[in-house]
Amino acid sequence: MKRSRSFLSVLLAGGASLVALTAASGAHAQDRNRDRDRFASPQHFALELRFAPYRANVDDEPGLNGKTPYRDTFGDDYRLQVGIEFDWQIVRVPYLGTVGAGVGVGYTGMSAKAKLTGTNTDSAEDTTLQIFPMYAVAVLRADVLSRNLHIPLVPYAKAGLGYAPWRAYGPNGTARTADAVGKGQSFGTHLALGIALQLDVFDRAAARDIDEAVGINHSYLWAEYFMANLNNFGGNALRVGANTFAFGLAFEF
Amino acid sequence: MPFPVSSAVRLVRVILFAVLALVVPRIALAQTVAIPDNGYTRTNGDGKTASDRNNIKPDVITYDDCANDRGYNIVVNTTAYDQTSELQLWAGTQDCTNVTVRSGSTQQCWRAFPGAVPRVASSTINVKVRDILSYAKTQPDYVKAGDDVCAKAAQANITLYYIFVKGGEAAGTGANKVFTVDTVGPPAPTNLTTGIGERLLVVNWKPSSETTDTQSYNVYCDDGTLPATDASAPVDGSTKSDAGADAGVDASDDGGDAQAFSASSSGVSTQANTSGTCSSAALVEGTVPPASIKPCGTVSGPAATSATVTDRVNGVTYAVAVSAVDQYGNPGPLSAITCATPAPTDDFFDLYRRSGGSAGGCNEAGSGSISALVVLGAVALAAFVRRRRA
């Protein structure tokens, strides 16, 4: 009995020590966060470097009646879209995150050999479609997880308008038919849902140094799914938008 | 009897006079030759100024100069031109002032100008490029039998010597001029293929093996209307009697032995992306294209591997060949001949419109939308800067 009481007291003492250590650690972490918030530079903007596999929705145009000129020319392969997005984090909503406005610009292009008329044989002539996807969106970045729960993930959503000038090229410059020139612009909606992994957790000291040196508060690796539905809201448009994933780096500053 | 002082003085005077009589005339009569600045003017075969060659350095002789029988008008200024000597022009890669290389079995220099420079203080003579290169010309004494004049010199330096010759010996020289001579173009490209498009040809090749000398590539197209090239004629444009027996081109740029090339391009087999068969009387594989045939396309860069030739006619079969061109504009021998017939194509926009797509055309409204985005970005940037400063 005496022996079991002794064991219990040791167990309690150990548990108390563990709780004390955990509490101290949590308090220390909270102190760190407070220090960080206290000494962090102001944060109002975000910049994204964007990369996306891109396959335009050209063949979805109802007027094509199921024909697939895009796939027939460029195939099913995805092309790389590169882009950049700049966000202004206008409002911080407590226990949620930031709400702001963003604009993005990008570029993608696809080339293939033109077919000999009436055949499926490639000629030696290149045919190219260049697209400059752009958008203006409202952005919600829910950084409550990282700020208050120490989970380094930031879900976000974007919604707004998309716009994309495009141009088709043949060997002699802009493509032409008897009644049209191969260039124009398409617009529509732009929606995106994504999640960002905050990189600060991997080296908080380095993150603090970067903030002090250049004013970058947080760095992220992110991935999102976006839908650029550039159909002129149902009008005639070359549907150069895409529904696809994107990924890249982001910086808040 | 003592020798009188006055006699001794007189003797010294006589000796001095004799010495002066021998030396002074030589000093006073020393012959000199000089070429003024800009004393060399490149001329066409007719002796008139070749204004179209201004982009080539004056002291560089190319295949084009030789094939077109160009020359130089040279202003020659002399002083004390001795009536008993001749001012001769010799050319060679050796020191031509040495009589042993100007005559006999050891001769390695050659006369670059027939006769002597006129005995006047200043004269203008016309020296033919082909005479400067005549070490390969069919003439007695300094002949390499069978060599043609124009197609043998690959990056050689030939010096033009102005020598006062008296009794066979050099009695003075000066104003020597070194010419850089390169009349041989790079080797022909290989693996030629010609693809087709809408009123165009896309020509691909493997670059010439001698990329250090290659500066560009000329593409030649014959729709059957180009004048025939006389494959038996020398490629240097000289007369047959000048050219000797070898009608081929030494395509190896190392000065090696001349090669004979096939002169026929008929019945060329089709290659990948190449259509039909054809024949060309103008384009002959392995020969330097005549200057009278203008290229249908040119692409710069020694590593170029492709050229697109536009403004062709659909349905017309073209014989196509490529020649590499060196830094002095010398075209090398033609590649193998391929045949191709441009045909209509459907690019993406053609297919889209034909499939029922209705987009396209010029809509300037787009620029306004772009401007709006740019302005939005600028406003955001300005706000950021203001906050950072605050």
Side-chain angles (χ1 to χ4, degrees), chain A residues 41-42 44-45 58 61 63-65 67-70 72-74 86-88 101-103 105 110 112-118 122-129 132 134-136 163 165-166 168-172 175-177 179-187 215 232 236-239 253, chain B residues 193-204 272-275 306 308-311 314 340 342-370 372-388 390:
Chain A
S41 63
H44 300 288
F45 303 98
V58 172
E61 185 177 333
L64 297 176
N65 296 316
K67 294 178 181 173
T68 55
Y70 181 88
D72 293 347
T73 305
F74 301 116
F86 180 77
D87 294 351
W88 180 10
V103 292
V105 296
M110 43 285 298
K113 297 298 182 188
K115 306 290 184 191
L116 294 175
T117 299
D122 285 348
S123 71
E125 177 182 323
D126 288 326
T127 178
T128 301
L129 175 64
F132 296 87
M134 306 177 190
Y135 53 83
Y163 166 82
W166 55 267
Y169 290 92
N172 297 314
R176 292 173 188 276
T177 63
D179 56 352
V181 180
K183 64 178 182 178
Q185 47 275 313
S186 307
F187 52 89
N232 286 10
N236 293 327
L238 189 70
R239 300 192 175 197
F253 52 97
Chain B
T193 61
T194 302
I196 59 173
E198 178 98 31
R199 296 190 299 275
L200 62 82
L201 302 168
V202 180
V203 189
N204 295 284
N273 225 5
T274 299
S275 61
S306 179
T308 299
V309 181
T310 57
D311 297 328
N314 285 346
T345 59
D346 290 330
D347 62 28
F348 162 69
F349 195 61
D350 287 329
L351 276 182
Y352 168 75
R353 295 287 295 189
R354 195 181 306 148
S355 300
S358 53
C362 183
N363 184 351
E364 297 302 325
S367 59
S369 303
I370 295 173
L373 285 173
V374 170
V375 168
L376 187 59
V379 168
L381 188 63
F384 165 68
V385 171
R386 285 188 59 185
R387 280 179 178 257
R388 299 294 292 185

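The chains referred to below are lettered A, B, ... by the order of the sequence lines, with proteins before strands, and numbering in each begins at 1. No experiment lies behind these values; they were computed from the predicted model shown.
To the nearest 0.5 Å, atoms CG (B:Asp346) and OG1 (A:Thr177) are separated by 11.5 Å. Here the CG atom belonging to B:Asp347 is positioned 9.0 Å from the OG1 atom belonging to A:Thr117, to the nearest 0.5 angstrom. The distance from atom CZ of B:Arg354 to atom CG of A:Leu64, rounded to the nearest 0.5 Å, is 13.0 Å.
Contact detail for A:Ala237 and B:Ala359: the closest heavy-atom pair is C-CB, 3.8 Å. Residues A:Glu61 and B:Gly357 share a closest heavy-atom pair of OE2-CA, 3.7 Å. Heavy-atom minimum distance, A:Ser123 versus B:Gly197: CB-CA, 4.4 Å. Nearest heavy-atom pair, B:Phe348 versus A:Tyr70, reported as atom, atom and distance to 0.1 Å: CE1-CA, 3.8 Å.
Of the atoms belonging to A:Asp179, heavy atoms from both backbone and side chain fall under 4.5 Å from chain B. Heavy atoms of B:Thr308 lying under 4.5 Å from chain A are absent altogether. Using a 4.5 Å cut-off between heavy atoms, A:Ala168 contacts chain B through its side chain alone, with no backbone atom that close. When heavy atoms are compared at a cutoff of 4.5 Å, A:Leu129 approaches chain B solely by way of its side chain, counted from C-beta outward. Only the backbone of A:Arg176 comes within contact range of chain B, judged by heavy atoms closer than 4.5 Å.
Although no hydrogens or angles enter the test, the distance criterion places no donor-acceptor pair under 3.5 Å between the side chain of B:Thr345 and the main chain of A:Leu116. Checking side-chain atoms of B:Ser358 against main-chain N and O of A:Asn236 turns up no donor-acceptor pair under 3.5 Å. Counting only distance, with no hydrogens or angles, the side chain of A:Glu125 and the backbone of B:Glu198 share a donor-acceptor pair below 3.5 Å.
For the side chain to side chain contact (heavy atoms under 4.5 Å, CB included) criterion with B:Tyr352, the lone passing option out of A:Thr73, A:Leu238, A:Asp72 is A:Leu238.
Not a single side-chain contact (heavy atoms from CB on, under 4.5 Å) links A:Asn65 to another residue, sequence neighbours left out. B:Asp350 pairs by the salt bridge (charged side-chain N to carboxylate O under 4.0 Å, His left out) definition with nothing, not counting sequence neighbours.
The side-chain heavy atoms of B:Phe349 and A:Thr127, taken from C-beta on, include no pair separated by under 4.5 Å.
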